[in-house]
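As the structure lists them, so they are numbered: ligands from 1, and atoms in each ligand from 1. If you're wondering where the values come from, they're calculated on a predicted model, not measured in any experiment.
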Amino acid sequence: MSNFSGNELVRPEILNLKSYRAAEQRADTIRLNANEAPVATGSADSQQGLNRYPDVRPFTLQAALADLFEVKAANLVATRGSSEAIDALVRAYCRAYQDSLITTPPTFEMYRFYADVQGVDVIEVPLNADSDFTLDPDAVVSNCREYTKLVFLCSPNNPTGTQLPRGDILDIAHRLQGRAIVVVDEAYIEFAASESMIDSVDAVPNLVVLRTLSKAHALAGARCGVAIANPVIVETIGRVLPPYSFPTPVIDAVLAKLSKDQLQQSNASLTATIAERDRVSAALDNLPSVAKVWPSEANFILARFYDLDSVQQSLQENRILIRTFGNREPAEGLHDCARITIGSAHENDALLNALSTHAREN
Ligand SMILES: Cc1ncc(COP(=O)(O)O)c(C=O)c1O
């Protein structure tokens, strides 16, 4: 299937979609073509006055993000968080009440959310909870039906913190070439020991890698992520994104955070989070209330407790929030489990103190 262009899988109405004709923006012109206000009012921090629309697509930001992820600009599209890239992929490729996508629970819930919004069937191919949430590539491929358009794989996976082997992801992508697009969500890859799959997108035409600035880059509030793929897929995602969607102050804030200085700071904080993760993980392992701690390649830890309700209650009394799964969640293998985000050393100490006190009192 080496002649796969990428367009075969796109919804026909998206292929035929007339792109929005944005007002031309040129420096040194009198701009009377976009119904903007002529002067900025109030305090405009931005280099470009907020009276003006931003670029129809955030081209300058995309160029900086392409540098950050070491890809060509044509391989990358910026989205408002990687969540928007998930939504855009589902809308661009999946026809309502006809197409389906595959997820591998327990995993990030937004894949299902956007599938439900679009009226797309979700085929679940669960990770093997009995063997530390491993993936069965054969099961993924055999569950891919005629109208399955997308396969979402999350590595490191939220909420298990485990990674999917690179070889398995490539194997699935090769076997599904021409049939489905494999989306690897690498929201937490910076915290992992292994490398991103970005370097495979040129060779694997049906592979999309999602990255975000919300985690290791500490920019969740800016809402900035990217989809990295071959230019045909990148162009397709761009088709369904709204024009002017990146606000000027967000573009400015992200560009500032991508300076060398700021990147060094993010790196230092990443190293600290990884060290804290390993410390918290070892400490949890020694607590009598903890039944199991999974090794994590992310900025959180999945743990199983003997009595999750009482643990949660004591944490709430200490004003500490964790994400519990309990026994009511449908995702397999998560009974009595909680996902604990790695905070600052001080916050992690507070968590461990509260858990130790709980263990002594129970
Ligand atoms: C696996 C995974 N992917 C994507 C996201 C979304 O990140 P954002 O939209 O902030 O880029 C998250 C957020 O928690 C996540 O856990």
Point to revise | Residues which pass salt bridge (Lys or Arg N to Asp or Glu O under 4.0 Å) with E124, listed by chain and number, not counting sequence neighbours | key: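 E124: salt bridge (Lys or Arg N to Asp or Glu O under 4.0 Å) contacts with R112.
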Review point. Between Y188 and F300, does the ring centroid distance fall short of 6.0 Å?
Key: yes
Review point. When the aromatic ring centroids of Y114 and Y111 are compared, is their separation below 6.0 Å?
Key: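 No; Y111 has its ring centre 6.0 Å or more from that of Y114.
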Flag the pair [X] and [Y] as a salt bridge only when some basic side-chain nitrogen lies within less than 4.0 angstrom of an acidic carboxylate oxygen.
| X | Y | result |
| --- | --- | --- |
| R304 | D336 | no |
| R179 | E146 | no |
| D285 | K292 | no |

Review point. Ligand 1: which residues have a non-hydrogen atom closer than 4.0 Å?
Key: G81, S82, S83, F108, C154, N158, D185, A187, Y188, T212, S214, K215, R223
